[in-house]
Number of protein chains: 2
Amino acid sequence: MAPTTSTRDNADRRPDARRQLRAAGLRVTAPRLAVLDWLAGHPHATADEVATAVRERLGTVSTQAVYDVLNACTRVGLLRRIEPAGHPARFETRAGDNHHHLVCRQCGRTEDVDCVVGARPCLDPSDTAGFEVEEAEVLFWGLCPDCRSTGAAPSSHAHHEEEGRA
Amino acid sequence: MAPTTSTRDNADRRPDARRQLRAAGLRVTAPRLAVLDWLAGHPHATADEVATAVRERLGTVSTQAVYDVLNACTRVGLLRRIEPAGHPARFETRAGDNHHHLVCRQCGRTEDVDCVVGARPCLDPSDTAGFEVEEAEVLFWGLCPDCRSTGAAPSSHAHHEEEGRA
DNA sequence: ATCGTTTTCTTGACTTACTCCAGATTAGGT
DNA sequence: ACCTAATCTGGAGTAAGTCAAGAAAACGAT
């Protein structure tokens with residue numbers, strides 16, 4: 001949040017990221033380092049949040065670059081993408097272990113939940129319908145503490161706030 | 001798929017839908033009946049597919065009307081909306097029971113999976129972080145039979161087909 | 001240290017899947 | 001049959017992300 005870092009390109013602040021990128025066969029670039037570095041301290045951020053943070057550090061970074069970085073890192077497994085229905089995608093550096101998420105229906109706030117079961121795919125469908133199942137994604141939907149206190153209980157349907165457009 | 005029905009408004013083909021709408025406090029309209037009726041025989045259809053099907057039956061129906069119907073019915077629980085990451089939302093009439101889904105990463109084909117556990121929320125997170133958990137959504141990701149045979153194994157990262165844009 | 005190749009970043013248009021708005025239309029109780 | 005609220009129509013608007021072409025870096029070899 002508070003950019004205590006100087007304006008100059010501080011590409012080496014997190015040697016981790018550098019190493020990880022190399023190991024994954026990706027080139028080490030300032031935007032990539034900045035994304036990985038910042039995301040390590042701010043899990044579950046949206047692409048937009050990442051872009052803002054990275055720009056604060058590096059100056060100008062194109063939206064496209066941010067998406068490219070996020071996609072490339074996700075592809076090689078350095079990042080994990082979570083896409084809760086109705087909310088923009090969120091990214092986290094905690095990838096690889098198989099943990100799940102708790103998502104607030106209202107504000108989209110996302111928290112980690114350790115896997116209830118254990119190893120991936122962690123659950124088995126009773127009938128796979130011929131599919132080759134690769135992963136079980138578990139999402140717990142609810143209301144975060146903040147949204148709970150701000151009224152608007154999601155209990156029964158039809159409260160005047162998500163009311164179609166009548 | 002084959003509209004064996006005559007072109008005229010066959011609003012009564014599915015007395016079920018009529019009854020359900022009334023019970024839910026929604027007005028009985030031709031688009032609503034058509035949507036519910038068709039969807040009953042074509043689960044996991046996208047809004048676009050629904051629109052096409054409904055137009056085949058009723059002639060002109062606005063996109064907005066389709067979305068309104070889908071949203072209204074979802075809101076009162078006559079329909080369930082599934083929104084797999086990276087794919088448009090899908091709708092099904094099997095709502096209320098708590099079953100899960102199997103989604104093809106490639107083509108988005110969706111199939112039902114009966115709940116492994118039982119009653120909602122069906123799973124409990126170890127630590128709710130202060131959230132009021134309401135539902136556990138389980139999505140099994142994989143490849144459907146068709147996409148499996150069309151090559152493109154999703155096994156390891158970086159095969160030339162989802163290659164960012166290099 | 002410099003070069004050349006390959007990957008990555010920039011700019012900016014475009015797409016998809018929806019939602020919003022204002023006004024015309026219609027359902028259904030009385 | 002009427003009235004009024006609920007529902008549709010048509011068209012613009014939005015959010016989130018993708019595509020494309022060329023400029024600029026990064027890496028490896030010289």
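Below, chain A is the first sequence line, B the second, and so on; all start at residue 1.
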For this session: Please report, rounded to the nearest Å, how far the C1' atom of D:dC27 is from the CZ atom of A:Arg18.
Result: 12 Å
For this session: For B:Ala47 and for B:Thr29, locate the closest nucleotide of DNA chain C by heavy-atom distance; then report the residue assigned to the nucleotide nearer the 5' terminus.
Result: B:Ala47
Problem set entry | Spacing between B:Leu58 atom CG and C:dT26 atom P, to the nearest angstrom | 13 Å
Problem set entry | Residue whose nearest DNA chain C nucleotide is more 5′ - A:Leu26 or B:Thr46 | A:Leu26
Exercise. Quick one: A:Arg32 CZ to D:dA24 C1', roughly how many Å, whole number?
Worked result: 14 Å
Exercise. Would B:Arg105 and A:Glu135 pass as an ion pair if we require N to O under 4.0 Å?
Worked result: yes
For this session: In plain terms, say whether B:Arg94 and B:Asp114 are close enough for a salt bridge, that is, a side-chain N and a carboxylate O under 4.0 Å apart.
Result: yes
Exercise. Of all the nucleotides listed (C:dT8, D:dA6, C:dT11), which has the minimum atom distance to the side chain of B:Arg27?
Worked result: D:dA6
Seminar exercise, completed: Between OH of A:Tyr67 and C1' of C:dT15 the distance, given in whole Å, is 13 Å
Exercise. From the list C:dC18, D:dG10, C:dC9, which nucleotide is the closest neighbour of the side chain of B:Ala89?
Worked result: C:dC18
Exercise. Under 3.5 Å, is there a donor-acceptor pair between the side chain of B:Arg148 and the main chain of A:Gly130?
Worked result: yes
Exercise. So B:His42 and B:His44, ring pair (Phe, Tyr, Trp, His ring centres under 6.0 Å) or not? Walk me through it.
Worked result: CA-CA 7 Å; B:His42 301 80; B:His44 314 128; over 10 Å; no
Exercise. When you check the phosphate oxygens OP1 and OP2 of C:dT19, does a side-chain N or O of B:Asn71 lie under 4.0 Å from one of them?
Worked result: yes
Exercise. Rounding to a whole Å, what distance do you find between B:Arg81:CZ and C:dA17:P?
Worked result: 14 Å
For this session: Can you tell me the distance, in whole Å, between the CZ atom of B:Arg22 and the P atom of C:dA27?
Result: 12 Å
Exercise. Between C:dC9, D:dG10, D:dG17, which nucleotide gets closest to the side-chain atoms of A:Pro88?
Worked result: D:dG17
Problem set entry | Integer-rounded Å distance: D:dG17 P and A:His87 NE2 | 13 Å
For this session: Name the closest nucleotide to the A:Val28 side chain, picking from D:dC8, C:dT19, D:dC27.
Result: D:dC27
For this session: Please answer whether the main-chain N or O of A:Thr46 pairs with a side-chain N or O of A:Arg90 as donor and acceptor at a distance below 3.5 Å.
Result: no
Seminar exercise, completed: Against the side chain of A:Gln64, the closest entry in D:dA20, D:dA16, D:dC8 is D:dA20
Exercise. What nucleic acid atoms does A:Thr63 come within less than 4.0 Å of, heavy atoms only: base, sugar-phosphate, or nothing?
Worked result: nothing
Problem set entry | Length of the CD-P vector between A:Glu49 and D:dG17, whole Å | 11 Å
